[in-house]
Each structure stands twice: as C-alpha cells, then as structure tokens.
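Scroll down for the structure; my scribbles are underneath it.
Every chain is numbered from 1 and lettered A, B, ... according to where its sequence line falls, protein lines coming before strand lines. This one's a predicted model, so the numbers in the text were calculated from it and none came from an experiment. These numbers come from the heavy atoms of this one structure, side chains and all, not from hydrogens, waters or symmetry mates.
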Amino acid sequence: QQQVKQSPQSLIVQKGGIPIINCAYENTAFDYFPWYQQFPGKGPALLIAIRPDVSEKKEGRFTISFNKSAKQFSLHIMDSQPGDSATYFCAASKGDDKIIFGKGTRLHILP
Amino acid sequence: ETGVTQTPRHLVMGMTNKKSLKCEQHLGHNAMYWYKQSAKKPLELMFVYSLEERVENNSVPSRFSPECPNSSHLFLHLHTLQPEDSALYLCASSQDGGRNQPQHFGDGTRLSIL
C-alpha cells in the first residue's frame, strides 16, 4: 500500500513530441505528489509538485495531471527537447511520513 | 548548484575498509537525509535527521553509521561493507522534517565495493 508504481521504465520520443509518464498509488492518505528530474551524474531535482485538491498544474512545458478517483497522476512534457533527456521520478507522501519514490523513467528525446 | 555538496564524488573500497561520506548544505535547512540509489530500484531512504536529532532509521544495517554534528553537516560512516552496498548515495535537505516539502539533493557519492 506504500508503493508508487511508475511506468514506463524507459521512453524514447522524437523532438517536439509529448512524452507521458504515469504513476499510480494505493494509499488514499497521500497528499503531496512531487516529480523529480535527474540528469546523469547529478542528484534528483524537484521539477513540479501537486496536491490532490487540483486536477492539473502547469509549469512551463511541464504539466501534472491528477486523477484522485483513479489514484493516478501523470507528467506530460510539451514540445519536448533533447535537453529534457533525463530520468524522471514520481513520488508521494503524507504529512510527516517519508516520501515514497517510484522506480523512475529514463526518457530520451531524439534530436 | 543545488546548495548541497557531497564528497567524495566517487569512492572505491574493499570490504574491510572504513571510510566516511560527507554532506554539507548551504541552504539554512533543518532536516537532512541519506538515500541509497540502486539501478532499477526506487530511492531508498536510509536516515533522517531533524535539528540534528535522528528521527528515522529505516532498518539500515549497522555497517552504516550516520552522524549529524550540526544542521549543516551530515556524515555516513562505512565499515565492513558488502558488494551489494555498491550504489549511489545521495544526501538531501529540506526546510524542516515535514515531508511535504521540496527536498534538495546533492550529486551523490558513487560507491563501489570490491
């Protein structure tokens, strides 16, 4: 019940395409859903986060869609660029409990 | 620059060696974390310190020993490690111990156990 299931494991998209990464959770008490981006040789960095009281959040080319009833949330990258090639992690947490991370999606944007 | 600096970046050690990983944060945060990152596995939280006190230890083997002398510094002391301990060790910090806050990660120490 504490897991966050992330898919796909890897993704290759042509430049300008819209990669979509999906995550699903079981624990309905989760109330904070961040996405982290990690480049090779670097630590993860917070990209965007959402709380369950909204269904969508946009920051630049990155959008989180949240479906509370389905217990799913996803990351969309509009007009993707080769510089977006990285590993993306979804996560979930509640209150003072530890953050639970997904296994990550390795995204490659072809030039 | 993330404001969290980890040293060394790479470490190769034998199973009988003793070494330490260092983390320093320049963000004025009160909580610091150690994570283990292995290929094809989720990030594993190892230890959490809030205001220099350990608040969580996720059943980590005793061959890993954390130390937090002040709110800016965090160490991970290593001794008699096993080959399966080879991984990227990440340090992170956040404003306080509340988990619904952004965590700022360092770039990690790549540890290889011979």
Residues that B:E44 engages under salt bridge (charged side-chain N to carboxylate O under 4.0 Å, His left out), provided they are two or more places apart
B:K41
Which pairs pass ring-ring contact (aromatic ring centres under 6.0 Å, His included) with one or both residues in residues 79-111 of chain A, sequence neighbours excluded?
A:Y36-A:F101, A:F101-B:Y35
Quick one: pull up CZ in A:R106 and CD in A:Q9 and give me the separation to the nearest 0.5 Å.
8.5 Å
Checking side-chain contact (heavy atoms from CB on, under 4.5 Å) for the pair B:V4/B:L27: CA distance, chi angles, key distance, verdict?
CA-CA 8 Å; B:V4 179; B:L27 301 168; 4.1 Å; yes
For atom CD of A:Q14, is the number of surrounding heavy atoms from other residues, nucleotides or ligands below 6.0 Å larger than 12?
yes
From A:I12 atom CD1 to A:S85 atom OG, the distance as rounded to the nearest 0.5 Å:
9.5 Å
So, taking the atom named NZ in A:K103 and the one named CG in B:L43, what distance separates them when rounded to the nearest 0.5 Å?
12.5 Å
Separation between NZ (A:K5) and CG (A:N22), nearest 0.5 Å, reads 14.0 Å
Correct closest heavy-atom pair for B:G108 and B:Q6 would be N-OE1, 3.0 Å
Using only non-hydrogen atoms and a strict under-4.5 angstrom cutoff, which residues of residues 68-79 of chain B touch chain A?
none
State, with a plain yes or no, whether a side-chain heavy atom of B:V12 is found less than 4.5 Å away from one of B:L114.
yes
Part of residues 38-69 of chain A lying next to chain B, heavy-atom separation under 4.5 Å:
A:Q38, A:G41, A:K42, A:G43, A:P44, A:L46, A:R51
By a 4.5 Å heavy-atom criterion (distance strictly below it), what part of B:R9 contacts chain A: side chain, backbone, both, or neither?
side chain
